[in-house]
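All remarks here apply to the structure that follows.
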Amino acid sequence: MQHWLVKSEPVKYSWEKFNKDGRTFWDGVRNYQARNNLREMKEGDLVLFYHSNDGKEVVGIAKVVKEAYQDPTTTDPNWVVVDLAPVETLKKPVTLEVIKADEQLKDVGLVRQGRLSVMGLKREEFDRILELGS
DNA sequence: GCCAACGTTGGC
DNA sequence: GCCAACGTTGGC
């Protein structure tokens, strides 16, 4: 199983809204690298949900409930979405500040490549973030 | 609101 | 195929 991190601006789509919806398709990815990551997601993979801009923190865990398929918001076959469902809210959001300051999370994509909106995480990184959030 | 990082586009 | 110009994202 793989681990991922996705970003969303709370203004656009927040963790709260996601929980209310119970399930969503992850659209709006218009970057090839992020798209490739979406395509590699497998049903059951765990995904950290990060609030960018406002909050700048990991707020919860989601999981992949449907693997990549054509983005319903466009007819351009380049773009895909996956379906995600919320699993659990972190007791304590893990801020970017904390992640940056953490020795074990130095190389996490979030820090290294700030603009990427869908990225893979190593198991250790995923576990570490959960640890910081509990 | 500014700026750095980075991806994409288009001219040559 | 290179590179400058431009647009977008996201942190500060």
Side-chain angles (χ1 to χ4, degrees):
Chain A
M1 147 156 41
Q2 301 194 79
H3 300 86
W4 308 94
L5 182 146
V6 297
K7 292 184 181 176
S8 180
E9 296 183 44
V11 182
K12 226 182 99 192
Y13 196 80
S14 70
W15 176 249
E16 289 72 24
K17 173 118 180 18
F18 182 36
N19 274 272
K20 206 173 293 177
D21 289 349
R23 173 178 183 143
T24 192
F25 56 88
W26 203 258
D27 68 330
V29 170
R30 292 293 181 271
N31 167 289
Y32 290 107
Q33 211 180 332
R35 193 274 318 267
N36 292 342
N37 287 332
L38 281 186
R39 280 192 175 155
E40 281 175 30
M41 286 188 186
K42 293 276 176 287
E43 206 172 310
D45 282 357
L46 294 175
V47 182
L48 292 178
F49 193 108
Y50 175 82
H51 275 170
S52 63
N53 277 323
D54 192 6
K56 287 169 291 176
E57 55 196 14
V58 176
V59 286
I61 310 166
K63 70 172 180 211
V64 178
V65 290
K66 188 174 179 189
E67 293 171 18
Y69 58 98
Q70 170 69 38
D71 185 338
T73 64
T74 176
T75 53
D76 187 337
N78 275 323
W79 307 117
V80 298
V81 299
V82 295
D83 283 3
L84 298 179
V87 173
E88 162 177 13
T89 304
L90 293 185
K91 288 200 194 73
K92 230 173 39 175
V94 181
T95 63
L96 184 61
E97 199 183 358
V98 167
I99 291 171
K100 276 185 169 170
D102 193 274
E103 205 42 50
Q104 297 176 52
L105 296 172
K106 278 275 163 60
D107 287 331
V108 87
L110 199 60
V111 178
R112 265 200 356 263
Q113 201 179 346
R115 288 189 54 221
L116 191 60
S117 60
V118 180
M119 68 193 76
L121 288 178
K122 294 190 209 106
R123 199 206 158 80
E124 305 88 75
E125 293 167 344
F126 182 86
D127 288 346
R128 179 64 181 153
I129 291 171
L130 291 195
E131 199 181 324
L132 292 170
S134 60

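Lettering of chains follows the sequences in order, A, B, ..., and the numbering in each one begins at 1.
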Nearest-angstrom distance from the residue atom CG of A:Asn78 to P of B:dT9: 10 Å
Between C1' on C:dT9 and NZ on A:Lys56, what's the gap in Å once rounded to a whole number? 14 Å
Given atom CG of A:Leu96 and atom C1' of B:dA5, what is their separation to the nearest angstrom? 15 Å
Can you check whether A:Tyr32 has a side-chain N or O nearer than 4.0 Å to OP1 or OP2 of B:dC6? no
Just to be sure I understand the rule, does A:Leu116 reach a base, reach only the sugar-phosphate, or reach nothing, if contact means heavy atoms closer than 4.0 Å? nothing
Is a donor-acceptor pair below 3.5 Å formed from side chain A:Arg30 to base C:dT8, judging by atom type as modelled? no
Can you check whether A:Gln113 has a side-chain N or O nearer than 4.0 Å to OP1 or OP2 of B:dG7? yes
Gap between atoms NZ and P, on A:Lys100 and C:dG10 respectively (whole Å): 13 Å
Can a side chain N or O of A:Lys12 be found less than 4.0 Å away from OP1 or OP2 on C:dT9? no
Between A:Trp79 and A:Tyr32, is the gap from one ring center to the other below 6.0 Å? yes
Beyond-backbone contact of A:Leu84 with A:Arg23, side-chain heavy atoms, under 4.5 angstrom: no
Find the distance A:Arg112:CZ to B:dC6:P and express it as a whole number of Å. 10 Å
Find the distance A:Trp79:CH2 to B:dT8:P and express it as a whole number of Å. 7 Å
Does any donor atom in the side chain of A:Thr73 or A:Asp71 lie under 3.5 Å from an acceptor atom in the other side chain? yes
Nearest-Å distance, CG (A:Asn36) to C1' (B:dG7)? 13 Å
Under 6.0 Å from the six-membered ring centre of A:Phe18 and within 45° of its axis: does the NZ or CZ of A:Lys20 meet both? no
Rounded to whole Å, the CG-P distance (A:Asn53 to C:dT9) equals 10 Å
With the side chain of A:Glu9 defined as its heavy atoms from C-beta on, choose the nearest nucleotide among C:dC12, C:dG10, B:dC6. C:dG10
A:Asp45 side chain to A:Trp4 side chain, donor-acceptor N/O pair below 3.5 angstrom: yes
